[in-house]
Amino acid sequence: MTATAPREEQLWSRCPGCASLLYRKRLRRNLDVCPECGEHARLGAPERLRQLVDPGSLRLLPDQLPETDPIDFVDVLPYPHRLSAARASTGLAEAVVCATATIGAHPAVLAVMDFRFLGGSLGCAVGELITRAAERALDDRVPLILVTASGGARMQEGVLSLMQMATVSQAIAALREAGLLTVSVLTDPTYGGVAASFATNTDLVLAESGARMGFAGPRVIRQVTGRALPEGFQSADVLLRHGQVDMVVQRRSLRARLGALLAATRAARPARPPVPRQDPAACRERLADAAPAGGGDTPAVRDAWDTVRLARHPGRPTTLDYLDSVFDGFLELHGDRIGGDCPAVVGGVARLADRHVMVIGHQKGHTTAELVARNFGMASPAGHRKALRLMRLAARLGLPVITLVDTPGADPGVSAEEQGQAAAIAENILTLTVLPTPVLAVITGEGGSGGALALAVADRVLMLDNAVYSVISPEGCAAILWPDRSAAPQAARALKLTAPDLRRLGVVDEVVPEPTTAAHGDPAETARRLRAALLSNLLPLLDVPPAMLVRLRRQRFRRFGMARAGTRAGAR
Ligand SMILES: [Zn+2]
């Protein structure tokens, strides 16, 4: 809402929807919804909580965490300066406020995001606070309600912010397993990593009237496709028509609707299941002993931007190349069983040294024609659903899953959004956190954002030493945080996206060394090294009982919630 004149700033504001001049007190009484046209203004988290819960029932959860600047990020401003400014202007510690409360007399835990705080971006602290809120809901045996408002992952925390999508998703998985209801309320705007994780992998997804939600934002999609977007694209009503949300709710009805949903699901809540007794420490040590770090841990002397260019080299081996050179007897399986077979994702059963495995990977190509046919390795929702189908099949058959990650990111197109890109990625991330079979991921080329993570929530994450793994492309980051895209090389350095950086941060367990000519210079030697690394990492996982595997996998990703200066995620 913009002021009409400085002197009247406190009294009047102009509705961005219909341009009516509105008396501010009247607007606030109407929950910041324009009485003339129904435009829902954005709300800060404190006001949102006040509107949603029973009066007098709100108890804020602790929000103090140690300072976070896990990759010492600097663009034109150091990240800590941006954080301090956000704190000063909002009066909040972070971009989420968590609380216990009752809604219609039903107890619940709430986590409410605040878009005013660095665009509601998901960083380590936000991930940690929401995870703690979910754990509180699990302890109290009450539903979890997430109110989302976010531009996506916080690029100033690099790939560690991407890891938060997995951390929060597995906390939601734990509530799902315990039979506790999870609800997300999408408010305007909800995009990127938040849309592709906890905003859409909850039991119920409500959208506030007028909210927009998507994986890729409209500006990016227009840039990529060069086309005008359809009317109402990514808006609540269109999301409802495309089957992506359960209901669209006016702000004035939200509290009553949530209360009714809590009441309706309350009777079904089961008693707490017994906790299985196992010793995770012993298992973890066994894994660490059995899979020593490879010879790739020598520090890279190469500049990050040069590594980005190597990772994108058209001669670099693709997933199908590795299926030919590293594995035997690959049988490709096609289709998502819903309506598509995405060419950017290939998968099927294969043998690795006479052990049967399920291999799933992004497929690029070496020529322009191949790249176009494979959509440059950018998976559509059908690709993510094909991967999901193969992961579940592997779990049923007791096959380990090996994923090969090489994508600039998920498909940022209009139809991908209409077919539920965000929810498709979110479901894959959550499913990988519960999959009762070993999962081994290898970043072989480009590990681009949520599209990469949708195949990379694994027991062990390996990375070829000229691959990159990042929350956003250096070009995209430069366009947002620097004056222009030509700062991509600086952004590449700031993002800490190389294999040695990510090994240090604990995001990657082992770096697989490439020949001195890089993977495209000697594909056969690269394949030999990758095969050895896959075997040394896979064999110890085969002895771990499925329940323990899942538990250790979750502990692995839970660490990243605590990633911050002083207690680096990788420090073990
Ligand atoms: Zn209006």
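Just so it is clear, the values below take in all heavy atoms, side chains as well, and ignore hydrogens, waters and symmetry mates. In each ligand, atom 1 is the first atom listed, and ligand 1 is the first ligand listed.
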Student: Can you pull the salt bridge (charged side-chain N to carboxylate O under 4.0 Å, His left out) pairs that have at least one residue in residues 405-429, sequence neighbours excluded?
Tutor: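 Listed by first then second residue: Arg176-Glu427, Lys364-Asp406, Arg392-Glu427.
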
Student: With a 4.5 Å cut-off on side-chain heavy atoms, are Leu146 and Val185 touching?
Tutor: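 Side-chain contact under 4.5 Å: no.
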
Student: Could you report the tightest heavy-atom contact between Ala199 and Thr148, atom names first, then the distance?
Tutor: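 Distance-wise, the nearest heavy atoms are CB-CG2, 3.8 Å.
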
Student: Strictly by salt bridge (charged side-chain N to carboxylate O under 4.0 Å, His left out), give each pair with a member in residues 232-248 just once, sequence neighbours left out.
Tutor: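 Sorted result for residues 232-248: empty, none.
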
Student: Run through the protein N/O/S atoms less than 2.8 Å from the Zn ion (ligand 1) and write them out by chain and number.
Tutor: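 Checking every protein N, O and S atom gives Cys15 SG, Cys18 SG, Cys34 SG, Cys37 SG.
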
Student: Quick one: OG1 on Thr433 to CZ on Arg554, what's the gap to the nearest 0.5 Å?
Tutor: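 Taking OG1 in Thr433 and CZ in Arg554, the distance rounds to 5.0 Å.
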
Student: If the condition is side-chain hydrogen bond (donor to acceptor under 3.5 Å, both in side chains), which residues does Ser84 pass it with, not counting sequence neighbours?
Tutor: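 If we apply the side-chain hydrogen bond (donor to acceptor under 3.5 Å, both in side chains) test to Ser84, skipping adjacent residues, there are no hits.
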
